[in-house]
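Below is one structure; the comments refer to it alone.
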Amino acid sequence: MEHPSLEQEEEKVLVSKHSWQPCPKARRRLRGCMEVVKGLLFRVGEDWYFLFVLGVLMATISFMMDLIVFRLYEAHRWLYQEVGDYLVLKYLSWTIYPVALAAFSTGFANSITPHSGGSGIPELKTILSGVELEEYLAIKNFGAKVVGLTCTLSAGSTVFLGKLGPFVHLSSMAAAYLGKMRTAVIREYEDKFKQNEMLVAAQAVGVATVFGAPISGVLFSIEVMSSHFAVRDYWRGFFAATCGAFMFRLLAVFNSEQGKAGQGRTGSSPMVSFAPHLKILVPLPSSPETIAALFKSNLKIDFPFDLPETFFFVILGAICGAIACAYLFCQRWLLAAVKENRLTGRLLATDKPLYTVLVVLLLASITFPPGLGQLMASRLSMKEHLISLFDNRSWFVLAQNASMAATQLGDPRGLWQEWCHPSATIFGTLVFFLLMKFWMLTLATTLPMPAGYFMPVFIYGAAIGRLQGEVLASLFPHGIHAEGAAYPIVPGGYALAGAAAFSGAVTYSVSTALLVCEATGHMAHVLPVVLAVLVANAITQKCQPSFYDGTIIVKKLPYLPRIRSRHIASYRVVVKEFMEQQVVAVAKGDGFEEVLAALNATTDKEYAVIESKESPMLVGTISRAKLIAFLQSHEHPQAPPGPLQEKPASTGTLGEDCAIEPIVLQLSPWTSLHQAHHLFELLKLQHIFVTHYGKLVGAVTRTELRRAIEELAKEA
């Protein structure tokens with residue numbers, strides 16, 4: 001009786017299999033058609049499609065994040081205005097809101113992954129130098145960084161942090177994930193060089209989708225992130241950055257059209273219900289009618305600057321360079337001091353949200369508008385700070401001729417009044433802003449939450465330039481006379497140059513000159529802006545490491561420091577002076593005992609293979625995994641567990657049983673430090689062996705190279 005039941009079960013299984021796979025011929029034809037379509041699409045190169053998806057995806061995320069941040073920031077403004085004239089309630093509404101957002105940002109991001117804090121650019125620089133930090137590109141880090149960054153930006157100008165660095169990190173994570181999808185679609189092995197190409201393009205996308213500036217986005221990513229750049233990656237960066245910037249501007253136009261449609265139906269300014277049950281109405285963010293600059297300036301004059309003013313722009317560059325040196329030194333010192341201090345170090349190790357609450361509460365209390373905040377234009381958002389600082393009118397003249405009637409926030413023509421105070425002049429508020437923001441920006445960089453640090457220094461530089469422009473406008477009220485004509489001084493032009501010079505000096509980049517022109521849509525001041533940026537960079541690069549290099553130093557990431565141009569001695573220091581002479585190597589004739597001793601001696605991933613102990617001629621290299629497999633193939637009590645072999649070799653030697661990789665590159669003991677550093681950066685090496693007439697005499701790793709560069713810097 002059992003046989004019929006078994007036959008019935010088999011028939012049911014066969015029927016179920018056939019029922020789930022009908023029409024085998026049609027399915028085979030459809031599969032063949034799909035393969036043909038895939039072949040036609042990928043004939044031009046599959047990179048185009050994935051770069052396009054990357055640009056569109058990051059632009060959409062950037063725009064949606066800006067929209068959510070705008071809603072949350074306007075809700076904070078509404079709350080501050082609705083509490084009335086009660087000073088205590090005003091203080092609580094001003095401080096508790098950003099404190100809660102910052103605490104949630106820190107707690108949420110660090111609860112998912114501890115690698116979501118900060119900007120992420122120092123870690124990306126380390127990854128591109130050849131060091132594997134896979135956890136920083138994990139997809140779980142993506143969601144934590146998006147949510148945390150949104151809350152950080154919603155805290156507004158009280159915390160005064162940006163989104164550039166984290167968004168470059170987000171773009172790189174998306175590129176790494178799309179790279180894995182690409183290998184699954186085209187069924188190819190994931191190549192490390194291909195992954196680096198996608199990461200280089202992703203960095204340009206991150207900058208382009210924040211500022212809407214594709215050209216400077218590519219150049220900025222090359223300057224900041226890469227020590228060496230392959231020209232073949234150039235088109236990838238421009239294509240992806242252009243797609244991202246165009247999509248970002250297109251979404252702004254679409255949002256503007258939606259706002260116009262709502263305005264046409266209601267007959268009033270476009271509003272969005274923030275909380276329908278409370279009847280809270282928040283205005284939509286103002287967007288351009290067509291594709292336009294992100295920070296639109298109004299510098300439409302026939303003569304933006306006169307030739308004698310070039311001297312003042314050079315002075316501005318020198319001032320920005322000197323202040324950038326002081327800022328970089330203080331930021332690096334404070335970042336290390338906070339970690340080494342017993343109290344703050346314990347908070348950062350065990351209770352990061354509490355540290356964030358204390359710091360943000362201090363910053364929010366200082367920026368409280370009825371208090372010190374009224375001297376710092378604290379009611380303005382970061383974008384409104386830039387718009388007001390780029391104003392082409394002279395605030396000194398406006399303050400003398402205009403009444404101080406209160407204007408509604410959001411009117412670009414009246415934002416300058418936030419910098420005016422009855423008890424202080426325009427110069428006083430700008431100086432006070434610069435003095436206070438200097439240490440506040442430095443303190444904010446220690447917060448363990450997703451945040452960018454480029455936009456704050458960009459605004460700080462604009463304030464430096466604005467102050468010098470206002471001083472010159474007051475000293476020369478009728479302009480500078482040259483060749484019988486007088487041209488008025490435009491303080492907004494000095495703000496442009498200051499923003500580019502200070503941010504360029506802090507990040508070691510010259511492309512900020514083009515970035516400020518693309519972001520504002522103003523190209524007339526490009527020559528003096530470039531001069532200011534060059535002067536500021538020349539001063540800073542001689543005195544201090546860049547912001548991201550300094551963070552790498554404090555975090556002790558495995559990144560090679562750069563050899564400064566003044567260190568001519570790097571050509572006189574040779575490999576023989578700093579190489580590791582005690583190298584663990586295996587010989588071709590070694591057996592089980594010798595290989596086991598070599599593996600126990602070090603944890604290296606690769607070992608040198610020599611001809612014999614008596615004749616240490618370097619013949620190749622072998623990986624640690626192959627040596628372990630060699631041990632597993634032996635019948636020995638100390639053999640590590642592994643897959644069973646049909647015929648275990650009991651007396652085999654290394655040269656007989658293992659494939660030895662040939663030596664591609666080796667150094668001479670007389671190779672200079674400069675040449676070795678150049679090879680490590682260019683080829684992204686982790687270590688390299690040193691030979692003398694073919695004999696193995698030592699090895700150089702990143703540790704020895706970094707130690708030699710640091711000793712050279714101390715001697716200089």
Side-chain angles (χ1 to χ4, degrees), residues 45-63 65 119-129 136-137 142 145 149 162-179 182 193-251 291 293-294 452-455 458 500 503-504 507-519 546 548:
E46 69 278 359
D47 288 352
W48 294 91
Y49 303 103
F50 288 97
L51 292 174
F52 173 78
V53 171
L54 177 64
V56 172
L57 174 65
M58 298 313 300
T60 305
I61 294 175
S62 178
F63 183 80
M65 185 182 295
S119 69
I121 288 184
E123 291 79 9
L124 287 175
K125 290 190 67 172
T126 306
I127 291 173
L128 287 177
S129 68
Y136 284 94
L137 298 179
F142 189 89
K145 200 117 186 177
L149 180 60
K163 68 182 262 192
L164 178 63
F167 217 79
V168 172
H169 190 192
L170 287 172
S171 183
S172 299
M173 286 187 282
Y177 188 73
L178 287 175
R182 171 186 168 276
F193 292 100
K194 203 70 175 179
Q195 183 181 6
N196 284 339
E197 291 174 356
M198 290 290 289
L199 290 179
V200 170
Q203 296 153 17
V205 171
V207 181
T209 51
V210 170
F211 287 100
I215 301 176
S216 55
V218 175
L219 299 178
F220 182 81
S221 64
I222 293 173
E223 285 185 302
V224 173
M225 307 295 295
S226 305
S227 58
H228 293 79
F229 185 78
V231 181
R232 65 176 180 273
D233 297 334
Y234 214 45
W235 71 266
R236 292 181 175 88
F238 270 110
F239 178 74
T242 303
C243 292
F246 183 78
M247 186 66 185
F248 185 75
R249 302 285 185 87
L250 202 62
L251 289 172
I291 297 178
L294 185 62
Y453 311 118
F454 180 81
M455 182 61 81
F458 193 77
S503 59
T507 58
Y508 275 18
S509 58
V510 183
S511 58
T512 52
L514 181 59
L515 176 63
V516 74
C517 295
E518 277 193 287
S546 71
Y548 302 116

Exercise. Any chance you could measure S119, atom OG, to K163, atom NZ, to the nearest 0.5 Å?
Key: 15.0 Å
Quiz item: So which heavy atom on S503 is nearest to which on T512, and how close?
Solution: OG-CG2, 3.7 Å
Quiz item: Looking only at heavy atoms, what is the nearest atom pair of A241 and A208, with distance?
Solution: O-CB, 3.6 Å
Quiz prompt | Closest heavy-atom pair and its distance - L137, M173 | solution = CA-CG, 3.8 Å
Self-check item: Side chain S221, main chain G217, donor-acceptor under 3.5 Å
Solution: yes
Quiz item: Got a sec, which residues hit ring pair (Phe, Tyr, Trp, His ring centres under 6.0 Å) with F142, two or more places apart in sequence or on another chain?
Solution: none
Quiz prompt | Results of side-chain hydrogen bond (donor to acceptor under 3.5 Å, both in side chains) for S216 - residues two or more places apart only | solution = E518
Quiz prompt | Nearest-0.5 Å distance that lies between atom SG in C243 and atom CG in L57 | solution = 12.5 Å
Exercise. Would you please name every residue forming a side-chain hydrogen bond (donor to acceptor under 3.5 Å, both in side chains) with S546, sequence neighbours left out?
Key: D549
Practice problem: Please name all residues satisfying salt bridge (charged side-chain N to carboxylate O under 4.0 Å, His left out) with K145, sequence neighbours left out, ordered by chain then number. | Solution: none
Quiz item: What is the distance from atom OG of S171 to atom CG of L54, rounded to the nearest 0.5 Å?
Solution: 4.5 Å
Exercise. Evaluate side chain to side chain contact (heavy atoms under 4.5 Å, CB included) for F238 paired with I215, printing each intermediate quantity in order.
Key: CA-CA 7 Å; F238 270 110; I215 301 176; 4.2 Å; yes
Quiz item: Looking at CE of M247 and OG1 of T60, how far apart are the two atoms once the value is rounded to the nearest 0.5 Å?
Solution: 4.0 Å
Quiz item: Going through the distances and angles, do L51 and V205 end up as a side chain to side chain contact (heavy atoms under 4.5 Å, CB included)?
Solution: CA-CA 9 Å; L51 292 174; V205 171; over 6 Å; no
Quiz item: Could you go step by step and tell me if L164 and M455 meet the side chain to side chain contact (heavy atoms under 4.5 Å, CB included) rule?
Solution: CA-CA 7 Å; L164 178 63; M455 182 61 81; over 6 Å; no
Self-check item: Listed partners of F454 passing ring pair (Phe, Tyr, Trp, His ring centres under 6.0 Å), at least two apart
Solution: F211, F220, F458
Quiz item: For S172 and L124, which heavy atoms make the closest approach, and how far apart are they?
Solution: OG-CD1, 3.5 Å
Practice problem: Could you tell me whether the side chain of S62 and the main chain of M58 form a donor-acceptor pair under 3.5 Å? | Solution: no
Quiz item: Pairs in or reaching into residues 202-214: which pass side-chain hydrogen bond (donor to acceptor under 3.5 Å, both in side chains), with residues at least two apart or in two chains?
Solution: none
Practice problem: Could you tell me whether a side-chain N or O of H169 sits under 3.5 Å from a main-chain N or O of Y136, the two making a donor and an acceptor? | Solution: yes
Exercise. Evaluate side chain to side chain contact (heavy atoms under 4.5 Å, CB included) for F167 paired with I61, printing each intermediate quantity in order.
Key: CA-CA 10 Å; F167 217 79; I61 294 175; 4.2 Å; yes
Quiz item: So how far is it from S509 OG to L514 CG, rounded to the nearest 0.5 Å?
Solution: 11.0 Å
Quiz item: How many angstroms lie between atom CG of L251 and atom CZ of F246, to the nearest 0.5 angstrom?
Solution: 10.0 Å
